[in-house]
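Below is one structure, written out as structure tokens, with a few remarks after it.
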Amino acid sequence: MIRLFEQHCVRAQKELEGMWRYVRADGAEYTIPVPGCLEQQPELLSYRGKGIFYKKIYIREKTNLRLELKGVSHTADLYFDQVFLAHHYNAYTGFEGVVKDVEPGEHEIKVCVDNSFGQDSALHIPNDYYTYGGITRPVVLEQIGEVYIKNVRFTPYQSEGVWNCNVEAEIANIGPRDLTLEVRVNLAGAQIAEHIKIAAENRKKVVYQIRCEDAEEWNMDSPRLYFLSTELWMDGKAIDDFIERVGFREVKVSGSRLLLNGKEVFLKGFNRHEDYGTIGNALPLQMMVQDMDLMRETGANAVRTCHYPNDERFLDLCDERGMLVWEENHARGLSLERMCHPDFDRQCKDCIDEMITQHYNHPAIVIWGILNECDSTSEEGRRKYKSQYDQIRTLDSSRPTTSATCKHFQDICLDLPDIVSFNMYSGWYEDVSVKERHEKEMDWISRAGGSGKPVIVSEFGAAAIYGYRDRGHCKWSEERQADIIRENLEVYQEDERLAGVFIWQFADCKVTEEEWFFSRARCHNNKGVVDEYRRPKEAFDVIKGLFPKMRGQ
Ligand code: ADA
């Protein structure tokens, strides 16, 4: 399944799911499901390295083709009939390749994939989560004509009590002729039609302001979604279309509050990695729904996509369920030395650019985050933080920004984001009073550039091995994890200064053995409140008792 709704009625689109041929670097051959992870194959359980995926397709009539790969982990080179189309780095954003004038008959798609931690990889490194391998998200094959819609951006805003929006569509003419065509936009009962000219081998951006008299707002209780359909017409015929699913809502920061449609929201959520025991990060829809249902069962209203952009189908689900999302770029715990990797700036820039371009229209996303626990203590680090915030604001000024810091009392970047967020493991890494430690942190934040801004506790929690019980509540027992989470939540629920809390973490996730085995029993980060098979630990019920009592919906 590509998305949770059909994106095209005119353009022919299909998913190339199923079995693909995979040839490992040493020549060993397998057939592997796509989407899927290499690690699901008995012979590839811990394979880290290069390999090539092949898929044969049949084309009935001469056409232009667009291939979209929504996630390949982590470096990919895409070929069509041995012709190179695209290079892409990063497992968590998609990319495309376009081939013109494909003749009828048999053709071959080839994707060279590498998931090793080589010297060209600044963001995928041995880490406290697992970099899987393979084509882990859907592959889409589309038939396009000489002109097609590349992208549509929807920005809602209220004016005099009525919903309005900006719709920007990017149209590409990949043919040799200058064209005149009609653009037709349909949204919530409003229609726009305009004739445009677009030169050969060129792109054009059209922008419309649409007043939607009858549009209802999207909110957490009533996540009303609308189809935004953009079509291209020529000689009385629809030749291409692009359907987005959008919601009318506004996110703002006002003083220390986060507002959704002018009303304060308090975020009560989980940090969630895309990871499931034996499946890896290629989660099928039913497992995403299971995660959503479990989070909802506790009373959560928000999720943080730590530490990378998520699968679009999960974001679609959040849109449908009114679950608020903090989505962040891919960068976890990088030291200054790692941030000075020659490819770091470019790889972050591409990731942010793709994340925002690809996920801009999700009403559920209310915060963009960057650089979890990276170096925010040096002038060089600060320059990098600043340039990433600047990049985000240029691409999207409609959502607030943040970054989760652990550089307590040393962070020099708290003045840069719209929201200040900090990770704090009181009771787990440090045996301290949660309340006292929290007060010190809040006091420091107010003096270090965060004064007057919303503050979020972006991570807190403790580890427990599922099923391990101990009457003395020793560390790693389910009882101790429940105690620590309870103590933290009780302190935060009293604190009117906070705008939200995110528990670390929703489910146990696999970590890389390299660099991590000594502090991570079972080579897993065991701080999930459910284990990697989604079996709830004792803490799950504690949260279920406390989340509904906290402020916010
Ligand atoms: C961090 C980090 C997480 C995870 C967590 C932990 O603060 O952001 O990715 O590593 O700590 O479990 O210690």
Side-chain angles (χ1 to χ4, degrees), residues 91-92 123-132 269-275 281 302-310 326-335 338-339 348 367 369-377 381 385 402-411 413 417 419-432 434 437-438 441 445 455-466 475-476 480-481 484-485 488 492 500-532 537 539:
Y92 308 114
L123 308 176
H124 283 282
I125 55 165
N127 220 326
D128 201 8
Y129 57 91
Y130 202 82
T131 287
Y132 289 93
F270 289 99
N271 288 278
R272 174 181 174 271
H273 270 297
E274 292 181 315
D275 197 350
N281 70 338
V303 59
R304 173 175 173 225
T305 73
C306 57
H307 299 299
Y308 38 77
N310 270 21
W326 157 343
E327 178 153 77
E328 70 188 22
N329 75 338
H330 180 211
R332 180 210 166 275
L334 304 177
S335 60
R338 281 193 145 133
M339 291 166 86
C348 284
I367 297 175
I370 56 161
L371 299 175
N372 172 77
E373 296 193 346
C374 294
D375 179 57
S376 48
T377 63
Y385 272 77
T402 197
S403 174
T405 184
C406 66
K407 305 288 188 252
H408 313 295
F409 314 116
Q410 294 170 343
D411 196 306
C413 298
I419 298 171
V420 172
S421 302
F422 66 90
N423 300 343
M424 178 62 67
Y425 285 86
S426 302
W428 179 250
Y429 293 122
E430 277 185 285
D431 285 318
V432 289
V434 176
R437 184 65 192 80
H438 179 63
E441 190 77 7
I445 286 172
V455 178
I456 291 177
V457 186
S458 35
E459 290 181 27
F460 64 97
I465 305 293
Y466 175 79
K475 280 197 172 165
W476 300 94
R480 182 63 159 269
Q481 181 193 37
I484 293 173
I485 289 182
N488 274 269
Y492 305 144
V501 292
F502 286 85
I503 291 167
W504 185 271
Q505 62 173 335
F506 169 62
D508 291 351
C509 69
K510 195 165 147 157
V511 306
T512 39
E513 192 172 302
E514 225 177 317
E515 296 183 25
W516 288 92
F517 79 92
F518 55 87
S519 58
R520 299 289 182 253
R522 312 184 304 126
C523 288
H524 275 69
N525 184 310
N526 296 293
K527 297 190 189 75
V529 301
V530 300
D531 76 352
E532 66 272 29
K537 303 178 192 173

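In each ligand, atom 1 is the first atom listed, and ligand 1 is the first ligand listed.
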**Asked** Can you check whether Trp504 and His273 have ring centres sitting under 6.0 Å from each other?
**Response**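 Yes - the distance between ring centres of Trp504 and His273 falls below the 6.0 Å cut-off.
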4.0 Å heavy-atom contact, [X] with ligand 1:
| X | value |
| --- | --- |
| His307 | yes |
| Met424 | no |
| Tyr129 | no |

**Message:** Heavy-atom distances under 4.0 Å decide this one: backbone, side chain, both or neither, for Lys527 against ligand 1?
**Reply:**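 Under 4.0 Å from ligand 1, Lys527 contributes side-chain atoms alone.
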**Prompt:** Between Glu532 and Lys510, does at least one N-O distance fall below 4.0 Å, as a salt bridge requires?
**Reply:**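 Looking at Lys510 together with Glu532, the answer is no, because their closest N to O distance does not fall below 4.0 Å.
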**Message:** Does this structure show an ion pair linking Asp531 with Arg522, if we count only N-O contacts that are shorter than 4.0 Å?
**Reply:**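 Salt bridge: no.
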**Asked** Are the side chain of Asn271 and the backbone N or O of Ser458 linked by a donor-acceptor pair below 3.5 Å?
**Response**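 Yes; at least one donor-acceptor contact below 3.5 Å.
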**Message:** Run Tyr132 and Asp275 through side-chain hydrogen bond (donor to acceptor under 3.5 Å, both in side chains) and show every step you take.
**Reply:** CA-CA 9 Å; Tyr132 289 93; Asp275 197 350; 2.7 Å; yes
Output the list of atoms in ligand 1 that are nearer than 4.0 Å to some heavy atom of [X], sorted by atom number.
| X | value |
| --- | --- |
| Asp128 | 4 (C), 6 (C), 10 (O), 12 (O) |
| Asn372 | 2 (C), 8 (O) |
| Asn525 | 4 (C), 6 (C), 12 (O) |

**Message:** Check this for me - ligand 1, Glu459, N or O atoms closer than 3.5 angstrom, yes or no?
**Reply:**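 Between Glu459 and ligand 1 (N or O atoms, distance only) the closest approach is under 3.5 Å.
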**Message:** Tell me the protein heavy atom at minimum distance from atom 7 (O) of ligand 1, and give that distance in Å.
**Reply:**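 Here the closest protein heavy atom is Glu373 OE2, 2.3 Å.
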**Request:** Go through the side-chain N and O atoms of Asn372 and Glu328 and say whether any donor and acceptor fall under 3.5 Å apart.
**Result:**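 No, no side-chain donor-acceptor pair sits under 3.5 Å.
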**Check: Thr512/Asn127 side-chain N/O donor and acceptor closer than 3.5 Å** =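 No, no side-chain donor-acceptor contact under 3.5 Å.
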**Identity of the nearest option to atom 13 (O) of ligand 1, non-hydrogen atoms only, from Tyr425, Trp428, Tyr429, Phe422** =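 That would be Tyr429.
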